[in-house]
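Residue numbers start at 1 and run along the sequence shown.
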Amino acid sequence: MSNISIEHGDRLYWLGRYAERFFTTMKSLERLHDKVIDRDSEHYKKYLECFGLSDTYGDSKNFFESFILDKNNTCSVAYSLERAYDNGIVLREEISTEALAYLQLAMDKLYGLKDSSLKGLAVTLLPLQDIMFSFWGCIMDNVHSEEIRNIIFCGKYVERLELYIRLKYRYQLISREFERLCTVLNRIPENTPYRFNEKQLSVMEDIIKDSERYSDSRNEVLSALAKLFEPSKRKDLVR
């Protein structure tokens with residue numbers, strides 16, 4: 001029987017989700033920036049459409065500044081990093097002080113950016129990507145509880161899969177990340193407070209294993225993914 005409470009399980013899960021959201025959003029914005037600079041100054045609008053968002057930014061400069069540095073924008077790199085750090089503070093003993101320090105270092109680097117430095121986005125964000133690779137390595141090395149580690153990585157791969165689907169990454173990547181998620185899910189023992197919904201996983205598996213069906217059923221996969229874990233009824237969690 002697990003000693004992890006539902007509250008702690010939620011914090012571990014959302015630490016993984018927000019840390020991955022920070023990283024994948026950063027990478028996707030880097031690629032988007034290249035397209036905006038090279039080919040289409042309004043290509044950022046297609047990014048917004050992937051998340052059902054309207055264009056309230058007016059131009060690409062305002063868009064990138066908001067999606068990278070505005071911690072009040074819930075879709076931004078800054079917001080995701082703040083939430084990862086908030087959960088990390090509560091979980092310091094579980095994830096180690098060293099892992100938390102990498103999140104703090106990422107925040108220091110991010111808020112040290114100047115508006116002018118956003119012109120060369122790939123170079124600007126590279127140190128942040130390196131920091132996050134170090135963070136995940138620290139989790140692997142310092143978190144000795146397999147159950148704790150698996151819950152964090154469940155959050156990581158759920159978030160990655162959702163973002164990849166929304167951003168319409170190629171099918172091979174979706175299939176690969178789904179397999180990674182399944183591997184981690186199956187390591188979570190039964191009778192724990194953070195057991196996944198097997199019915200929803202089966203729905204996802206039936207769709208993703210068929211490339212043609214997947215192309216027409218992305219929203220069904222996203223719906224099942226959102227129901228993979230029962231949401232906590234607690235209101236005091238950092239999300």
Side-chain angles (χ1 to χ4, degrees), residues 1-26 71 74-108 110 131-163 177-201 204 222-239:
M1 188 72 175
S2 171
N3 292 320
I4 299 175
S5 66
I6 293 176
E7 178 185 352
H8 239 52
D10 276 356
R11 291 191 184 277
L12 292 164
Y13 175 74
W14 282 97
L15 169 65
R17 288 202 66 159
Y18 278 120
E20 180 60 28
R21 189 178 303 178
F22 166 67
F23 181 81
T24 296
T25 300
M26 182 168 52
K71 60 185 178 181
T74 57
C75 296
S76 73
V77 168
Y79 180 89
S80 296
L81 182 56
E82 289 264 357
R83 300 289 76 76
Y85 182 76
D86 289 345
N87 280 291
I89 288 178
V90 179
L91 299 167
R92 181 196 299 264
E93 292 186 6
E94 286 83 358
I95 68 172
S96 79
T97 301
E98 290 84 354
L100 181 63
Y102 279 118
L103 294 179
Q104 179 65 65
L105 180 59
M107 290 177 64
D108 293 343
L110 181 64
I131 290 170
M132 291 310 294
F133 281 128
S134 297
F135 166 77
W136 286 114
C138 201
I139 293 293
M140 288 297 296
D141 194 49
N142 291 340
V143 177
H144 302 297
S145 167
E146 184 177 2
E147 184 176 3
I148 288 175
R149 193 166 59 246
N150 285 339
I151 294 175
I152 295 173
F153 275 85
C154 276
K156 174 186 175 72
Y157 290 122
V158 164
E159 187 65 35
R160 181 180 290 183
L161 185 60
E162 178 176 338
L163 290 175
E177 296 307 325
F178 179 67
E179 288 180 4
R180 285 182 171 178
L181 174 60
C182 288
T183 298
V184 178
L185 288 173
N186 289 323
R187 289 174 180 162
I188 297 179
E190 296 182 6
N191 302 319
T192 70
Y194 228 84
R195 183 67 179 171
F196 62 91
N197 187 314
E198 294 183 5
K199 179 180 177 181
Q200 299 302 330
L201 185 65
M204 294 167 61
L222 288 172
S223 178
L225 189 61
K227 300 172 185 176
L228 191 58
F229 296 101
E230 289 293 330
S232 172
K233 300 183 185 303
R234 294 180 61 93
K235 297 181 179 180
D236 59 343
L237 299 180
V238 182
R239 291 188 179 178

Q: Return the set of residues passing side-chain contact (heavy atoms from CB on, under 4.5 Å) with A78 (not counting sequence neighbours), or none when no residue passes.
A: K71, S76, L110, Y111

Q) For S145, what residues pass the side-chain contact (heavy atoms from CB on, under 4.5 Å) criterion, not counting sequence neighbours? A) E147, I148

**Q.** For F23, the option from Y18, Y102, F133 that meets ring pair (Phe, Tyr, Trp, His ring centres under 6.0 Å)
**A.** F133

How many angstroms lie between atom [atom1] of [X] and atom [atom2] of [Y], to the nearest 0.5 angstrom?
{"X": "T97", "Y": "Q104", "atom1": "OG1", "atom2": "CD", "answer": "12.5 Å"}
{"X": "I89", "Y": "L103", "atom1": "CD1", "atom2": "CG", "answer": "9.5 Å"}
{"X": "T183", "Y": "N150", "atom1": "OG1", "atom2": "CG", "answer": "10.5 Å"}
{"X": "L201", "Y": "K227", "atom1": "CG", "atom2": "NZ", "answer": "14.5 Å"}
{"X": "L161", "Y": "R180", "atom1": "CG", "atom2": "CZ", "answer": "11.5 Å"}
{"X": "W14", "Y": "D10", "atom1": "CH2", "atom2": "CG", "answer": "9.0 Å"}

Can you sort out the partners of [X] under side-chain hydrogen bond (donor to acceptor under 3.5 Å, both in side chains), two or more places apart, ordered by chain and number?
{"X": "Y157", "answer": "none"}
{"X": "R149", "answer": "none"}
{"X": "E146", "answer": "none"}
{"X": "N142", "answer": "S96"}

Q.
Going by salt bridge (Lys or Arg N to Asp or Glu O under 4.0 Å), name the pairs with one or both residues in residues 153-163, residues two or more places apart or in two chains.
A. R17-E159, R17-E162, E20-K156, E20-R160, R21-E159, R160-E177, E162-R166

Q: Quick one: which residue pairs count as a salt bridge (Lys or Arg N to Asp or Glu O under 4.0 Å) with a foot in residues 94-106, not counting sequence neighbours?
A: none

Q) Do I151 and V184 pass the side chain to side chain contact (heavy atoms under 4.5 Å, CB included) test, and can you show the C-alpha distance, the side-chain angles, and the key distance before you say yes or no? A) CA-CA 8 Å; I151 294 175; V184 178; over 6 Å; no

Residue pair [X] / [Y]: nearest heavy atoms and the distance that separates them:
{"X": "I95", "Y": "V143", "value": "CA-CG2, 3.8 Å"}
{"X": "L163", "Y": "T25", "value": "CD1-OG1, 4.3 Å"}
{"X": "I139", "Y": "A99", "value": "CD1-CB, 4.0 Å"}
{"X": "L15", "Y": "A84", "value": "CD1-O, 3.3 Å"}

(Q) Distance to the ring centre below 6.0 angstrom and angle to the axis at most 45 degrees; does that hold for R11 and Y13? (A) no

Q) Hey, does the side chain of D141 reach the backbone of G137 with a donor-acceptor pair shorter than 3.5 angstrom? A) no

**Q.** Residue list, ring pair (Phe, Tyr, Trp, His ring centres under 6.0 Å) with F178, at least two apart or on another chain
**A.** none

Q: Would you please name every residue forming a ring pair (Phe, Tyr, Trp, His ring centres under 6.0 Å) with F22, sequence neighbours left out?
A: none

Q: Determine, using ring centers only, whether F196 and F229 are less than 6.0 Å apart.
A: no

Q: Indicate, with yes or no, if the rings of W136 and F153 have centres closer together than 6.0 Å.
A: yes

Q) Do F135 and L105 have side chains that get closer than 4.5 Å, going by heavy atoms? A) no

**Q.** Side-chain heavy atoms of L185 within contact of L228, under 4.5 Å
**A.** yes

**Q.** Results of salt bridge (Lys or Arg N to Asp or Glu O under 4.0 Å) for E198 - residues two or more places apart only
**A.** R195

